[in-house]
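Below: the structure, in structure tokens.
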Amino acid sequence: MKVGIEQFKGKKLIDNTHPIAIRITHNGKTKYKFIGISCKAQHWDKNKKRITCRANDFREHNEIIQACYLKICERAKWFEEHDYNIDLEYILS
């Protein structure tokens with residue numbers, strides 16, 4: 001199972017920003033959780049998976065992104081440790 005953060009380029013919002021999503025993939029199935037934060041493409045650091053300092057409120061947004069990411073990672077790890085059937089919907093909820 002893989003969990004990652006990405007800027008979802010397939011959707012462009014009215015204010016010319018792209019939403020930030022957490023992607024989870026398991027056995028060829030992929031689900032996304034949009035966390036309600038978006039930024040312009042030039043303010044997204046692809047390597048560090050975070051919003052750069054040129055954007056407004058970047059610290060607060062990065063904290064929210066990391067908190068949501070860690071919560072999902074903990075749930076995924078718990079499912080794997082206990083050998084339960086992986087429920088992507090529950091992990092992302």
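We're numbering straight along the sequence, starting at 1.
Side-chain atoms of Q7 come within 3.5 Å of backbone atoms of C39 as a donor-acceptor pair (strictly under, hydrogens ignored). Looking at N62, its side chain never comes within 3.5 Å of a backbone N or O of R50 through a donor-acceptor pair. Remark: the backbone N or O of H43 is paired with a side-chain donor or acceptor of T52 at under 3.5 angstrom.
Closest of all the heavy-atom pairs between M1 and A76 is SD-CB, 3.3 Å. Here the closest non-hydrogen pair linking A21 and Y32 is CB-CD2, 4.0 Å. Between P19 and S38, the closest heavy-atom pair is CA-CB, 3.8 Å. Shortest non-hydrogen contact noted between L92 and K33 is O-CD, 2.9 Å. Across every non-hydrogen atom of I86 and F79, the tightest pair is CD1-CB, 3.8 Å. In terms of heavy atoms, I5 sits closest to W44 at CG2-CH2, 3.7 Å.
Atoms CD1 and NZ, on I35 and K71 in that order, are 10.5 Å from each other to the nearest 0.5 Å. In this structure, NZ in K11 is found 11.0 Å from OG1 in T17, a value given to the nearest 0.5 Å. Between atom CG of residue L88 and atom CG of residue N85 there is a gap of 11.0 Å, rounded to the nearest 0.5 Å. Taking CD of Q66 as the reference point, atom SG of C73 lies at 9.0 Å (rounded to 0.5 Å). Remark: E74 CD to Y69 OH distance equals 11.5 Å, nearest 0.5 Å.
In this pair, H82 and Y84 present their aromatic rings parallel. The plane angle is below 30°, not in the 30 to 60° band. Ring orientation note: the planes of F8 and F34 are nearly perpendicular, at an angle over 60° on the 30°/60° scale.
When each of R23, H18, K49 is tested with E6 by the rule side chain to side chain donor-acceptor pair (under 3.5 Å), just one qualifies, namely R23.
You'll find the side chain of I37 reaches within 4.5 Å of the side chain of I51, heavy atoms only. Side-chain atoms of C68 and I72, non-hydrogen and from C-beta on, do get closer than 4.5 Å to each other. At least one side-chain heavy atom of I24 sits less than 4.5 Å from a side-chain heavy atom of I91.
Crowding of R75 atom CZ: a count of heavy atoms from other residues, nucleotides or ligands under 6.0 Å exceeding 12. By the neighbour-count criterion of 12 heavy atoms within 6.0 Å, atom NZ of K9 is densely surrounded, having more than that number from other residues, nucleotides or ligands.
Tracing side-chain contacts under 4.5 Å through hydrophobic residues (I, L, V, M, F, W, Y), one reaches Y90 starting from V3; they form part of the same cluster.
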